[in-house]
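Note on naming: letters A, B, ... go to the chains in the order of the sequence lines (proteins, then strands), and numbering restarts at 1 for each one.
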There are 2 protein chains.
Amino acid sequence: MNKFKIVLSYDGTRFGGWQVQPNSISIQALVEEALSVVLKTKTPLVGSGRTDAGVHALAQTAHFSTSNSFDLCKLQHSLNGILPDDIRVCCIEPVPDHFHARYSASSKIYRYHLRLSKNVDPFKRSYHLPVHFPLSLPLLKEAATYFIGTHDFTSFANQGDQGAAAHNPIRTITRLDIVDEEGGIYLEFEGNGFLYKMVRNITGTLLDICRGKIELSRLPEIFAAKDRSKAPPAAPPHALFLAKVNYNISAIEQDKQDQIKIDKMILSCAS
Amino acid sequence: MNKFKIVLSYDGTRFGGWQVQPNSISIQALVEEALSVVLKTKTPLVGSGRTDAGVHALAQTAHFSTSNSFDLCKLQHSLNGILPDDIRVCCIEPVPDHFHARYSASSKIYRYHLRLSKNVDPFKRSYHLPVHFPLSLPLLKEAATYFIGTHDFTSFANQGDQGAAAHNPIRTITRLDIVDEEGGIYLEFEGNGFLYKMVRNITGTLLDICRGKIELSRLPEIFAAKDRSKAPPAAPPHALFLAKVNYNISAIEQDKQDQIKIDKMILSCAS
């Protein structure tokens, strides 16, 4: 069996989220189905983590294993031919056996887009949250600093299927940047992992602080309560993007991977 | 009666086009309906021209007349509150009585977006045409020059409801620029007016020249035939944007307009 990493970009608008689940279309299910058709055998896909219903990805990562031989470029082309055009395969590459899309990830980057301009843009309406009150950037930046670092994020985590928060609600956010973009800003979160709905819950809290619904000084108390009901509601999903999943590959692993790549590339992309 | 210019931006994906017509939702009908609700009287809207089903607008212009008094900012806000979020009112301003959204226009700018990159972007899939063959920019630029200037565009005009081509098929394209953008290019057409489907028909012809389906040297013969059936099919509508409608206002008219604006602004935007 050979292992491959696949990077996917998708518009989450019409999906029930990444994860296979009953009663809604999941991105994982569609990609697994496409892979199974092309590789002519049932091929399960392991994602770096799930994205919720309505959440988008610029670069979601997953892995799969197969004993079939194939040309990587042709596989990508075939998958994009089968998949609907709101899911695209960005790249596929061989990885060492010990690679795991979820457990090998060193960090994840999420972006939450806020529209601040009164200028209208009907073409981005599905990808940002309009902010209708005067948003103080200094206050937003100050509030953001409370979330950077290692904290117990129980108050900002919904109870997911996996109950991750119950097991270990400690996470590290290494940065929470406020980045200017045309017509608004986005909040860029980078961390070693995020609990269920954590980014949307933090964004909802930051917005409630900025609109004066709760005082900044109450944040330590909300953290300390370790109680989701003490924090404001989540921001909506449609403005959230999983931007990137990072993997640190040590020098030894890199050597191994290079060798694997060389071996496998003989098959691929020669066309 | 006072006259007003309204500038609209819309995502044409789900509409049957600008113009009111049976059996499909038109942008004009929705905006007229919203205006009539807010102004409490039936208020017809005259557009700068129609856009086809599926075609978008960054800035479509229209005019309407009313004897009602209102605050311009509040009117814009109210209309955007009533309209679906794929149609947005960008601005409303008073204009002289002789202003006409269609006949006063000095030029119109259209953009046709082509995706050339193999990099995927599911978020712009509704707004560009992917080009799957190696497109020669020098050939495209050379072919574009054939369309610049004053020509009889009968071979590139469909027979519309108004039969404009039959009356006067002569139009002037002042520029046809090839503009780089992330992941591709767009063709920017500026002209004193465009016949029905003319931009899409020219784009379809340019693409057929670039993919080698017809020879560049055949263009003069296609123009001379004055026969739509001699030119290649139209490019699809979803990658076309009406970008801007320009109006030249002479110095005297500007004076008049400034006075009208001053008079009317007393009512508006004071809030």
Side-chain angles (χ1 to χ4, degrees), chain A residues 6-15 27 30-31 51 54-60 72-74 76-77 79-81 83-92 111 113 115 117-130 132 181-183 186 236 238-243 269 271, chain B residues 6-15 27 30-31 51 54-60 72-74 76-77 79-81 83-92 111 113 115 117-130 132 181-183 186 236 238-243 269 271:
Chain A
I6 182 167
V7 180
L8 298 152
S9 179
Y10 49 82
D11 178 333
T13 307
R14 71 182 181 98
F15 299 110
I27 296 122
L30 288 178
V31 181
T51 52
V55 173
H56 319 289
L58 300 178
Q60 162 73 294
L72 288 178
C73 297
K74 281 187 184 164
Q76 179 181 350
H77 189 76
L79 292 174
N80 281 332
L83 287 166
D85 63 2
D86 41 4
I87 304 177
R88 298 286 86 190
V89 178
C90 306
C91 74
I92 307 172
R111 289 184 189 157
H113 292 262
R115 183 90 184 158
S117 167
K118 283 188 179 173
N119 295 329
V120 289
D121 189 346
F123 306 102
K124 290 188 179 159
R125 68 193 188 284
S126 305
Y127 310 121
H128 63 229
L129 180 70
H132 294 301
E181 66 174 345
E182 201 194 324
Y186 60 85
H238 75 277
L240 180 61
F241 287 71
L242 170 57
C269 296
S271 60
Chain B
I6 181 167
V7 180
L8 298 152
S9 179
Y10 49 81
D11 178 333
T13 307
R14 71 183 181 98
F15 299 110
I27 295 123
L30 288 178
V31 181
T51 52
V55 173
H56 318 290
L58 300 177
Q60 163 72 296
L72 288 179
C73 296
K74 282 187 184 164
Q76 180 180 350
H77 189 76
L79 292 174
N80 281 331
L83 288 166
D85 63 2
D86 41 4
I87 304 177
R88 299 285 86 190
V89 178
C90 306
C91 74
I92 306 173
R111 288 182 190 158
H113 293 262
R115 183 91 184 157
S117 167
K118 283 188 180 174
N119 295 328
V120 290
D121 189 346
F123 306 102
K124 289 188 180 161
R125 69 193 189 282
S126 305
Y127 309 121
H128 62 230
L129 180 71
H132 296 300
E181 66 174 345
E182 199 193 326
Y186 60 85
H238 75 276
L240 179 61
F241 287 71
L242 170 57
C269 296
S271 61

Subject >> Structural part of B/Tyr10 lying under 4.5 Å from a heavy atom of chain A >> reply: backbone

Subject >> salt bridge (charged side-chain N to carboxylate O under 4.0 Å, His left out) against B/Arg14, all qualifying residues, sequence neighbours excluded >> reply: B/Asp86

**OP:** Name all residues meeting the ring-ring contact (aromatic ring centres under 6.0 Å, His included) criterion together with A/Tyr186; count only those two or more places apart in sequence or in a different chain, and write none if there are none.
**Re:** A/His113

Original post:
Say you draw a straight line from CG of A/Asp11 to NZ of B/Lys124; how long is it, rounded to the nearest 0.5 Å?
Top reply: 13.0 Å

**OP:** Can you tell which part of B/Ala57 gets under 4.5 Å to a heavy atom of chain A, answering side chain, backbone, both or neither?
**Re:** backbone

Subject >> Pairing of B/Asp121 and A/Arg88 as salt bridge, 4.0 angstrom limit >> reply: no

Original post:
Is the gap between the ring centers of B/Phe123 and A/Phe123 under 6.0 Å?
Top reply: no

